[in-house]
Amino acid sequence: MITTHVENTLVLAREADTLVGKLEFEQTDTEMVILHTYAYQSGRGIGSPLMEAALQYAEQQHLTIRPVCSFAAKYMESKTKAN
């Protein structure tokens with residue numbers, strides 16, 4: 001099972017005790033800028049939990065999101081189309 005948590009300007013994904021991915025962001029008073037999303041093992045569905053944790057964090061902090069990372073932009077676009 002993949003778990004995530006926010007640490008400074010990173011969202012980290014772990015499976016058991018192994019780091020399997022991370023999402024890097026910058027934060028201002030009003031905005032979260034998602035810079036990069038890394039999944040250390042492709043095809044395992046690690047990017048989605050990273051993005052979900054980032055979206056939840058942004059909502060809790062009342063931040064708008066600006067996805068610079070292409071994966072983040074595509075993920076947010078697909079979420080918008082689904083709603």
Side-chain angles (χ1 to χ4, degrees):
M1 180 167 109
I2 295 173
T3 60
T4 58
H5 74 278
V6 177
E7 187 175 297
N8 298 316
T9 57
L10 299 172
V11 179
L12 301 174
R14 294 187 183 280
E15 188 169 40
D17 291 332
T18 304
L19 185 65
V20 294
K22 70 179 177 179
L23 179 148
E24 297 175 348
F25 65 93
E26 292 178 349
Q27 181 177 337
T28 67
D29 290 340
T30 60
E31 186 176 58
M32 172 189 242
V33 181
I34 300 175
L35 303 171
H36 301 284
T37 305
Y38 301 99
Y40 301 141
Q41 301 168 346
S42 64
R44 301 241 357 258
I46 297 167
S48 294
L50 287 168
M51 281 300 300
E52 285 301 317
L55 294 173
Q56 183 178 15
Y57 175 80
E59 184 177 327
Q60 291 169 348
Q61 301 298 315
H62 308 288
L63 303 170
T64 59
I65 298 174
R66 182 165 47 106
V68 174
C69 165
S70 61
F71 176 83
K74 289 177 187 174
Y75 187 87
M76 291 185 65
E77 182 179 318
S78 71
K79 293 287 280 188
T80 302
K81 287 181 181 178
N83 294 330

Hey, could you give me each pair passing salt bridge (Lys or Arg N to Asp or Glu O under 4.0 Å) that has a residue in residues 1-14? Not counting sequence neighbours. none
Spacing of CG belonging to Asn8 relative to CD belonging to Glu24, to within rounding of 0.5 Å: 12.0 Å
Indicate if Leu50 and Ile65 have the same hydrophobic cluster label, given that clusters are the connected sets of ILVMFWY residues with side-chain heavy-atom separations under 4.5 angstrom. yes
Do Val11 and Phe71 land in one hydrophobic cluster if side-chain heavy atoms of ILVMFWY residues count as linked below 4.5 Å? yes
Do Lys79 and Glu52 make a side-chain contact, defined as non-hydrogen atoms from C-beta onward lying under 4.5 Å apart? yes
Are Leu63 and Val6 connected, step by step, through hydrophobic side chains (Ile, Leu, Val, Met, Phe, Trp, Tyr) whose heavy atoms are closer than 4.5 Å? yes
On a heavy-atom basis, the closest approach of Ile2 and Gly45 is CD1-O, 4.5 Å
Testing the basics here: between Met51 and Leu23, what is the closest heavy-atom pair and its distance to 0.1 Å? SD-CD1, 3.7 Å
Ile46 side chain near Tyr38 side chain, heavy-atom distance below 4.5 Å: no
Taking side chain as C-beta onward, heavy atoms only, is Tyr40 less than 4.5 Å from Leu19? yes
Does the side chain of Tyr75 reach to within under 4.5 Å of the side chain of Thr37, using non-hydrogen atoms? no
Non-neighbouring partners of Glu15 that pass salt bridge (Lys or Arg N to Asp or Glu O under 4.0 Å), sequence neighbours left out: Arg44
Close side-chain approach of Glu31 and Phe25, heavy atoms under 4.5 Å: no
Quick one: does any side-chain atom of Thr30 pair with a main-chain N or O of Thr64 as donor and acceptor, under 3.5 Å? no
Which residues share a salt bridge (Lys or Arg N to Asp or Glu O under 4.0 Å) with Glu77, sequence neighbours left out: Lys81
Counting neighbours of CD on Gln27 that are heavy atoms of other residues, nucleotides or ligands and sit closer than 6.0 Å, is the number greater than 12? yes
